[in-house]
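Residue numbering restarts at 1 for every chain, and letters A, B, ... go by the order of the sequence lines. All of these numbers come straight from a predicted model, not from anything done at the bench.
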Amino acid sequence: MFRNYIKIAWRNIWKNKLFSAINVISLAIGLSASFVIGLMVYYDFSFDTFHEDGDRIYRVVTDFETPQGNYKNGGVTPPMRIAAKEQLTGVEQSAYFYNWWISEAKAEANKQTFKDPEHIILAEASYFDIFQYNWIAGSKAMALQQPNSVVLTRKRAEAYFPNLPLAAVMGQSLVYDGTISATVSGIVEDYDKRTDFYFNEFISLETAKQTESSDEILGDEWENTNNASQLYIKIAQNSTPEQIKTQLAALSEAHVDSEMIKYNNKRIFNLQALSDLHFDHEYGAYDYSGYEADKGILISLVFVALFLLLLGSINFINLNTAQAASRAKEIGVRKTMGSSKRQLVLQFLGETFLLTLIAAFCSVVFCVLALKTFDSFMAEGIDLSLMVTPWFTALVVVLIVVITLLSGFYPGVVLSRFKPARVLKGSVSSSKEKGVLRQVLTVSQFAIAQVFVIATLLVGKQIYYMLHQDLGFNAEAVAYLQTPWDDFSIDKRLVLEQELKRIPEIQNVSLGGMPPASFNMATRMGIFKKDGQELIQELQILNGDTEYLKLYDIELLAGRPALNDTIEEYVINETGMRAFGFKDPEEIVGQYLELNSHQRLIVGVMQDFNQRSLKDKVMPLMLTGDTSRDRRTNFRTLHVKLTGASSGWQNTIAKVEQLYQEVYPGEEFRLSFVDESISRFYKQEQRIATLLNWATGLAVLISCLGLLGLVIHTTSRRTKEIGIRKVLGASILQINALLCTDFLKLVIVAYVIALPIAWWGLHQWLEDYAYKTEMSWWVFALSGLGMMLLAVLIMSFKTLKAAIANPVKALRTE
Amino acid sequence: MIKITDLEKYYATEEVRTIALNKLSFQVQEGEFVAVMGPSGCGKSTLLNILGLLDDPDGGSFIFNGIEVAGFNERKRADLRKHNIGFVFQSFNLIDELTVFENVELPLIYTGVKPAERKKRVDEVLEKMQIMHRRKHFPQQLSGGQQQRVAVARAVVNNPKLILADEPTGNLDSSNGNEVMDLLTELNEAGTTIIMVTHSEHDAKYSHRIIRMLDGQKVTENVLTEYKSKTLEV
């Protein structure tokens with residue numbers, strides 16, 4: 001019986017090639033999207049799921065509540081490491097470690113130096129109690145007990161000591177930053193599963209006492225919180241995270257200091273579950289590759305996949321119920337021969353299954369292509385190898401079954417309901433009710449597609465707006481060159497500045513901190529005393545020489561710039577001026593602000609400009625010179641204004657690089673254009689836009705295919721009517737209008753439904769932006785018109801053909 | 001074999017209620033060949049649908065093989081139907097997507113016959129209907145007469161006790177029509193009960209008895225050939 005079903009299913013699919021193709025393409029698009037998105041979701045959700053008792057492992061983190069806003073810090077204050085062991089009950093293990101950045105490591109055996117080695121931590125021995133590694137040499141009990149001992153992962157050991165067998169690496173010496181030595185006391189296997197614990201080098205925490213940052217790592221002061229100081233705990237089996245949180249809250253209360261009270265700041269120690277580590281950007285993890293897992297985006301993606309699957313299924317249901325009449329005789333005969341309803345439903349499900357299976361095969365191929373196309377959109381680890389996991393196979397099987405049921409069940413039930421006595425007499429009138437369902441489905445389909453179209457247009461408009469909005473400074477033709485961070489002196493930078501000024505294609509050069517808008521900005525608390533009252537305000541601090549404002553075209557509204565590059569005088573922006581209660585720029589010039597317990601002079605007021613993406617408002621900011629040049633310079637970036645056409649810049653840059661290499665031989669040349677780095681602020685938005693473009697394109701494609709199918713069906717059913725109308729004198733246009741109107745009505749209803757949904761959703765989305773584009777009426781009108789035009793075009797493709805056909809032929813064939 | 005008493009069937013639309021069968025009663029003995037005649041709309045096809053368990057009567061009694069089937073649900077009717085009744089239609093009603101062999105095989109599939117046995121029986125019946133050489137063809141590739149022979153083959157492959165034929169020669173020319181009537185007669189002689197709806201007096205003459213209907217009622221009944229030794233109760 002099953003073979004019989006498959007046979008007839010295959011013949012039906014083959015007979016209705018066009019409808020089958022529409023169904024397969026629609027389903028394949030939905031399935032491909034689901035496969036790719038499934039892989040992305042699986043990838044991100046499979047991080048750090050392999051740790052023993054992972055559900056009991058938590059990171060202790062710190063939340064700050066301040067009048068300026070709330071902040072999260074993934075680190076803890078160093079004394080917490082002791083409190084966790086001595087004061088917290090219900091904690092089975094705790095491990096403190098410090099994320100250590102060094103500039104070089106030297107392997108004594110081969111006298112080889114390694115620049116900027118990453119992923120090194122100074123860790124308590126208990127780190128290896130919480131996180132299990134496979135030990136190749138040494139043991140977790142002994143390895144980190146002594147100061148100046150280090151455990152390496154296999155890869156790191158092989159990198160440091162390429163010529164030694166692993167057994168011989170034990171006992172070898174490493175020297176960090178030329179001063180701190182450590183002996184290899186253990187070697188572990190690198191984690192081979194997905195993890196955010198990238199560390200390759202574990203130095204015993206005691207060693208930290210010999211470093212310059214000893215206080216920062218091991219201090220007893222509760223005031224400082226550094227996100228390099230990490231604390232993990234493993235909660236005892238009989239305890240709960242809530243119990244620990246209560247104790248942490250008590251600890252927060254016990255360690256409130258006067259500064260916090262003064263600035264009305266609150267610090268709360270908190271717990272973060274291991275499973276959350278990969279997703280919370282505010283606390284951060286240890287991956288610096290730039291890819292960010294975002295639960296919000298993943299969830300949106302899942303919805304996109306579901307919508308696309310739904311659209312594909314709708315096509316299937318619509319086309320199959322519409323075609324019911326052509327299957328009626330077969331059903332009648334089968335029922336007469338004794339087929340039960342159940343058998344018929346099973347038969348149709350079998351057909352759907354076969355079609356879905358074909359679609360799934362196509363999808364796996366599409367999936368491979370999509371993984372290549374979306375390479376830049378996805379995390380590095382997402383590749384074809386994920387497709388051979390049991391998880392992926394399970395996803396494919398589950399989706400095939402779900403789609404088969406979703407698409408095949410209803411048409412199966414409708415078809416199997418036919419009364420054989422009637423259909424065999426040839427009287428199949430597809431009842432009105434089924435037509436209504438088809439209309440509802442078509443409307444839903446177009447409503448979804450329409451929402452996507454409106455969203456795409458408006459998100460695109462917002463991105464355009466953000467990229468083209470005047471930020472308040474000139475970002476065009478300005479490049480900035482970052483110099484080596486471990487060189488604390490200004491000397492070489494001054495040399496380089498002088499050299500660069502000699503290049504004729506360079507209009508101006510300024511030494512300073514980062515460009516006016518960047519991700520990196522230092523902040524300080526500023527206190528203004530007036531009439532016995534204190535106004536406290538967080539201020540962003542920007543460093544720049546006397547050319548800085550000129551180079552970036554930032555207008556000075558009152559006062560003057562700093563007298564020279566090193567004097568600690570401040571130019572405040574308008575927002576900062578207003579924050580301290582001044583309205584007239586002239587008034588604040590000459591006033592003093594308290595910064596770090598020193599009175600500092602405000603010498604000028606500059607116009608506002610945006611320091612971040614347009615998601616954020618302009619913040620109070622002050623510009624000052626190189627105020628700590630004697631210890632370490634703040635002027636680490638050279639800002640270069642180029643002249644001439646951008647086509648010639650390549651040569652200029654080559655000259656800059658040559659000079660840079662003369663001053664800093666062998667160092668990395670890091671030059672970026674300011675406008676390009678600004679566009680990186682909107683990476684997230686551009687990802688959303690890419691995603692939306694695809695989702696919209698596919699949703700519109702599926703919906704239009706469905707519409708085409710229905711139009712073809714209706715037109716062929718009405719061939720005789722068209723013939724009669726033409727014989728009676730109807731024009732081609734009249735007939736075209738007749739055929740299109742019914743469908744066009746559905747598209748219009750869909751638009752009316754989509755309008756408020758899209759408006760509301762986009763309104764919510766724009767709420768996140770301090771500067772938003774207008775929700776212009778034309779966006780909505782244009783998307784509606786576009787959709788209708790597209791629908792008419794697609795329909796006319798078929799209806800015009802029917803209208804033009806010779807009526808005599810139509811009447812004869814009927 | 002069949003006994004219907006006061007059988008009623010209505011078709012209702014929003015405004016009018018049409019009476020298709022109006023308290024119709026008659027019996028058919030096992031092995032009989034009965035022709036039902038009457039003008040269009042007299043209720044012949046409705047009657048055949050009810051006799052074939054494709055439709056439910058709205059009133060009256062229908063005893064099939066000693067069992068009252070008037071109130072049966074669809075599942076029970078389907079079960080009874082597939083084991084006992086074969087159908088021959090005016091428009092053949094072969095499934096276009098299946099070959100001759102597969103069309104004939106269909107009733108055996110639904111009664112759960114094993115594949116080897118199915119092949120044997122289908123081959124036998126195709127041989128008997130002299131259509132064996134066309135077994136791999138699709139219905140569209142056959143002439144009308146050949147298609148009706150396939151339909152008859154399909155009707156008898158399950159060895160039903162009753163064959164219901166609805167205008168079996170309606171779409172055929174006279175020579176093909178006669179061929180089909182000869183086939184039916186042969187089947188009847190072999191013991192199968194046949195009830196045939198027809199417009200054709202010529203075809204009706206092949207039967208033992210003609211029931212004439214008008215407006216859902218029986219008007220006359222002519223016995224053409226005394227059926228074996230059994231007495232007809234009218």
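Here the closest non-hydrogen pair linking B/Ala78 and A/Ser339 is CB-O, 4.5 Å. In terms of heavy-atom proximity, A/Met337 sits nearest to B/Leu106 at CG-CD2, 4.4 Å. Nearest heavy atom pair, residue B/Arg81 against residue A/Thr336, reads NE-O, 3.3 Å. Across B/Thr99 and A/Arg11, no two heavy atoms sit closer than the pair N-NH1, 4.0 Å.
No more than 12 heavy atoms of other residues, nucleotides or ligands shown are found within 6.0 angstrom of CZ on A/Phe353. Annotation: A/Lys17, atom NZ; neighbour count of heavy atoms from other residues, nucleotides and ligands within 6.0 Å is above 12. Within 6.0 Å of atom NZ in B/Lys9, more than 12 heavy atoms from other residues, nucleotides or ligands are found, so the atom counts as buried in its surroundings. Within 6.0 Å of NZ in A/Lys7 there are more than 12 heavy atoms belonging to other residues, nucleotides or ligands. By the neighbour-count criterion of 12 heavy atoms within 6.0 Å, atom CG of B/Asp215 is sparsely surrounded, having that number or fewer from other residues, nucleotides or ligands. Surrounding OH of B/Tyr11 are more than 12 heavy atoms belonging to other residues, nucleotides or ligands, all under 6.0 Å away.
Among the candidates B/Leu98, B/Asp55, B/Thr46, the residue making the largest number of heavy-atom pairs closer than 4.5 Å to chain A is B/Leu98. Most heavy-atom pairs under 4.5 Å with chain A: of the set B/Arg75, B/Arg154, B/His83, this distinction falls to B/Arg154. Chain A forms more heavy-atom pairs under 4.5 Å with one residue of B/Asn158, B/Leu94, B/Leu108, B/Ile85 than with any other, namely B/Leu94.
Residue A/Arg342 does not touch chain B at all, counting heavy-atom pairs closer than 4.5 Å. Only the side chain of B/Phe138 comes within less than 4.5 Å of a heavy atom of chain A; its backbone N, CA, C and O stay farther away. Looking at A/Lys335, the atoms closer than 4.5 Å to chain B (heavy atoms on both sides) sit in the backbone and in the side chain alike.
Here the CD1 atom belonging to B/Ile109 is positioned 7.5 Å from the CZ atom belonging to A/Arg334, to the nearest 0.5 angstrom.
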